[in-house]
Amino acid sequence: MHVVFRESHGLEETDAPFDVGQTPADLVVLSYSDSDLGAFAAGWHRGADHARRMGNTAHPTLRLANIVALRHPLSVDTYVENTLSGAKGILIRLIGGESYWPYGLASIQDLCRRKGIALA
């Protein structure tokens, strides 16, 4: 019988830092799934169109980001500081569970507690 040892790495160990370069928005949606992000974008556009037709120009702003771009801890820190710190609400769809992105979740949870930002 042979035993195969496999290395296990979290996302934060696999990539170089990357700055997503987004400005703050009222609502930020993070997901690993581009189809999730596309669905949120489509829904936001429909809501904005409806608000304009009804004469309401105060539609909330939206930023979308794929968590894959936030693999490195420095990427997370930069995104939290530059984008998430100005949000009113953050929605995260985390495929793979908390153990797949522990640093990102801990950083965002800390920010939301300190600044009273809604987190789902």
Side-chain angles (χ1 to χ4, degrees):
M1 181 163 113
H2 292 87
V3 177
V4 177
F5 292 94
R6 297 180 186 198
E7 291 185 37
S8 176
H9 298 281
L11 280 178
E12 56 272 341
E13 300 171 16
T14 62
D15 212 9
F18 175 75
D19 182 3
V20 176
Q22 290 181 338
T23 58
D26 297 323
L27 175 62
V28 179
V29 178
L30 304 172
S31 177
Y32 285 110
S33 169
D34 287 336
S35 60
D36 284 353
L37 299 173
F40 276 100
W44 183 88
H45 285 292
R46 285 183 65 191
D49 291 343
H50 178 73
R52 275 192 293 276
R53 284 194 306 274
M54 302 308 273
N56 181 359
T57 59
H59 195 68
T61 56
L62 175 69
R63 297 291 176 267
L64 306 167
N66 193 308
I67 296 171
V68 171
L70 302 170
R71 290 186 259 200
H72 195 280
L74 183 56
S75 301
V76 171
D77 292 343
T78 302
Y79 196 71
V80 165
E81 183 178 327
N82 294 343
T83 306
L84 298 181
S85 64
K88 293 178 184 173
I90 301 168
L91 173 63
I92 303 172
R93 181 161 186 258
L94 188 58
I95 301 167
E98 184 177 342
S99 64
Y100 201 58
W101 197 48
Y103 183 78
L105 282 178
S107 298
I108 293 169
Q109 288 170 333
D110 179 59
L111 170 75
C112 291
R113 281 188 199 105
R114 286 185 293 108
K115 295 193 136 212
I117 299 169
L119 175 63

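Just so you know, residue 1 is the first one in the sequence shown, and it goes up from there.
- The two residues Gln22 and Thr83 have their closest heavy-atom pair at O-OG1, 2.6 Å.
- Remark: the Ser33 side chain and the Ser31 side chain contain no N/O donor-acceptor pair separated by less than 3.5 Å.
- Around the CD atom of Glu81, the shell of radius 6.0 Å holds no more than 12 heavy atoms that belong to other residues, nucleotides or ligands.
- Distance OH/Tyr79 to CG/Leu74: 15.0 Å, rounded to 0.5 Å.
- Here Tyr100 contributes atom OH and Leu94 contributes atom CG; the two are 9.5 Å apart, rounded to the nearest 0.5 Å.
- In this structure, CG on Leu84 lies 6.0 Å from CG on Leu30, to the nearest 0.5 angstrom.
- Taking all atoms of both residues into account, the shortest heavy-atom contact from Val20 to Ala69 is CG2-CB, 4.1 Å.
- Here the OG1-CZ distance, from Thr23 to Arg63, works out to 3.5 Å after rounding to the nearest 0.5 Å.
- Contact detail for Ser75 and Leu70: the closest heavy-atom pair is O-CD2, 3.8 Å.
- Using modelled atom types, one side-chain atom of Asn66 and one backbone atom of Tyr32 make a donor-acceptor pair closer than 3.5 Å.
- Closest approach of Thr78 and Asp19 over heavy atoms only: CG2-OD1, 3.7 Å.
- Residue pairs meeting the salt bridge (Lys or Arg N to Asp or Glu O under 4.0 Å) criterion with at least one member in residues 111-120, sequence neighbours excluded: Asp110-Arg114.
- Nearest heavy atoms, Ser85 versus Leu111: N-CD2, 3.9 Å.
- Pairing each heavy atom of Ser99 with each of Gly96, the nearest pair is OG-O, 4.4 Å.
- Cluster membership check: Ile95 shares its hydrophobic cluster with Leu105, using side-chain heavy-atom separations under 4.5 Å among Ile, Leu, Val, Met, Phe, Trp and Tyr.
- Two residues are said to be in side-chain contact when any heavy atoms from C-beta on lie closer than 4.5 Å; Val68 and Phe18 fail this criterion.
- Under a 4.5 Å side-chain heavy-atom criterion applied to ILVMFWY residues, the cluster that includes Leu62 comprises Leu27, Val29, Leu37, Phe40, Trp44, Leu64, Leu91 as well.
- Screening His45, Arg52, Arg46 against Asp49 for a side-chain hydrogen bond (donor to acceptor under 3.5 Å, both in side chains) leaves a single residue, Arg52.
- Between the CG atom of Asp77 and the NE2 atom of His72 there is a distance of 9.5 Å, given to the nearest 0.5 Å.
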Could you go through the side chain to side chain contact (heavy atoms under 4.5 Å, CB included) check for Lys88 and Ile117 one step at a time?
-> CA-CA 5 Å; Lys88 293 178 184 173; Ile117 299 169; 5.9 Å; no
